[in-house]
There are 2 protein chains.
Amino acid sequence: MSDPGRRRAVPAGRSAPGEVTRERILDAALDTLRAEGFLGTTARSIARTGGFNQALVFYHFGSVDEVLLSAVERMSQRRLDTYRGRLAEAPDLPGIVAVAREVLAEDVQRGAITVLSQLVAGAHGRVEFSRRLAASFDPWIDLVDEAVQRVLAGTGLATVVPSRDVAVAMTGTFVGVELLGQLDPESGRVEALLATLDTTAGLLQGLLALFGSASSSPAAAEASEG
Amino acid sequence: MSDPGRRRAVPAGRSAPGEVTRERILDAALDTLRAEGFLGTTARSIARTGGFNQALVFYHFGSVDEVLLSAVERMSQRRLDTYRGRLAEAPDLPGIVAVAREVLAEDVQRGAITVLSQLVAGAHGRVEFSRRLAASFDPWIDLVDEAVQRVLAGTGLATVVPSRDVAVAMTGTFVGVELLGQLDPESGRVEALLATLDTTAGLLQGLLALFGSASSSPAAAEASEG
DNA sequence: GTCTATAATACGATAGAC
DNA sequence: GTCTATCGTATTATAGAC
């Protein structure tokens, strides 16, 4: 292994030697995943995309898997920061829905969901790869979970609805719909889903308001009996 | 191309020559997709799973893609028949939900969703493969669409909710959650989702009953304004 | 219809020159 | 740190014996 390992400290404002190349490799890896899918993302295709030599992938990351995981971890972290920032500024339900729709639309357009979907599919049956990939999904599910709990708070449904499962379902929905949407890009499935989110949000708002003002209504009681 | 092409007619009750092998290959293809994922499903691994020679895949189907598409089309058709039959016997809402949960649980357990998820992921960027795979999803979305419309009928929501988009979202959700669930099989995400379906169904029932008995309520009007 | 053998190609990864 | 060259191995697909 010729991993550069821990490097000397570098003057502030200056990049560590090779750091530029590392970033280029990560960028190229994401671009390739978006354009070619998991199957088409090899050390050679990544190098072709980024315009550098194939051997650099192994010099800097040791393996293709390590590049992909590093790339998705970096992407996930960056997007998560964006989400948290915007959500903090929109504490009520309409605000949360608006932010969620807005940032999810960005993710879809940037191809972030494509990257995640492709990696998830490619992770099949590979234990260590799956473990690390799952770890980069957890903070997202946590974030959705928090938002769901905030929305449910004071509606009388907080004890009935398992918010974590709902969060998993919502996260999974975007992965699945994006995958389905790419099967037939002409169909505009993803766009339809995003557009429908507004309608659904309006509906949900009305329903939750109903539950909020009558949290021990017959419907709620009936529902909790399951 | 050494495709056997159209074959002579065969006495009823008897299989056409090579038909047994064709079926074995399709079975092996699905088993391999379940066990190894899309990446691990090659002509050689399919042959290894089924205990036959690798060259037979090309003799009978011409290419690996053709085996996979034929296999999923056969599977989709068979499952669709099962769905339709059971749904016909359960015309009301509780019945529909029960059947849906039941048959979906079967699909998950048999690995049908895994097969679909893997193929969808592997189809990325391959136009003709995607087109045919999308075609085998359409009847499913149609079926879900019909069920959604039946549930919505008479609730006053039929004109507000775009049932087709909801159907796409529901279909996509199962694909996505299944993929996410396989990232960390220990987490029991898929099982949790299915278990939660009952609770959600109960809730939904209560909500729809509410809308049904007051289809021009303030909440409904507010929701339709978006 | 099923087999063996093989051609042509792509891959991950490494060695070693610079 | 980046390059060329290469090893070993996997793949799809085909040719041809049986």
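In the text below, chain A, chain B and the rest are named by the order of the sequence lines, each starting its count at 1. None of the values given here were measured: they were computed from a predicted structure.
Note: CD1 (I25(B)) to C1' (dT2(C)) measures 11 Å, nearest angstrom. Rounded to an integer number of Å, the gap from NE2 of H60(B) to C1' of dT2(C) is 8 Å. The separation between L39(A) atom CG and dC11(C) atom C1' is 13 Å, rounded to whole Å. Remark: P of dA13(D) and CG of N53(B) are 15 Å apart, rounded to the nearest angstrom. Distance L68(A) CG to dG12(C) C1': 13 Å, rounded to the nearest Å. Between F58(B) atom CZ and dG1(C) atom P the separation is 18 Å, expressed in whole Å. Atom CD of E36(B) and atom P of dA10(D) are 14 Å apart (whole Å). Between the CD atom of Q54(B) and the P atom of dT4(C) there is a distance of 11 Å, given to the nearest Å.
Donor-acceptor pairing under 3.5 Å is recorded for the side chains of S70(B) and E66(B). Remark: the Q77(B) side chain and the E73(B) side chain contain no N/O donor-acceptor pair separated by less than 3.5 Å. Counted by atom type alone, Q182(B) and S130(A) present zero donor-acceptor pairs between their side chains at under 3.5 Å.
Proximity of F174(B) to L116(B): side-chain heavy atoms (C-beta onward) are nowhere separated by under 4.5 Å.
Residues of residues 40-48 of chain A that place a heavy atom closer than 4.0 Å to DNA chain C, in numerical order, are T42(A), A43(A), R44(A).
Where V64(A) and L56(B) meet DNA chain C, the nucleotide closest to each residue was compared, and L56(B) sits on the side nearer the 5' end.
At least one donor-acceptor pair under 3.5 Å links the side chain of S76(A) to the backbone N or O of S136(A).
Nucleic acid contact for V57(A): none, since no nucleic acid atom lies under 4.0 Å from a heavy atom of the residue.
Note on residues 51-65 of chain B: pairs passing salt bridge (Lys or Arg N to Asp or Glu O under 4.0 Å), not counting sequence neighbours, are D65(B)-R126(B).
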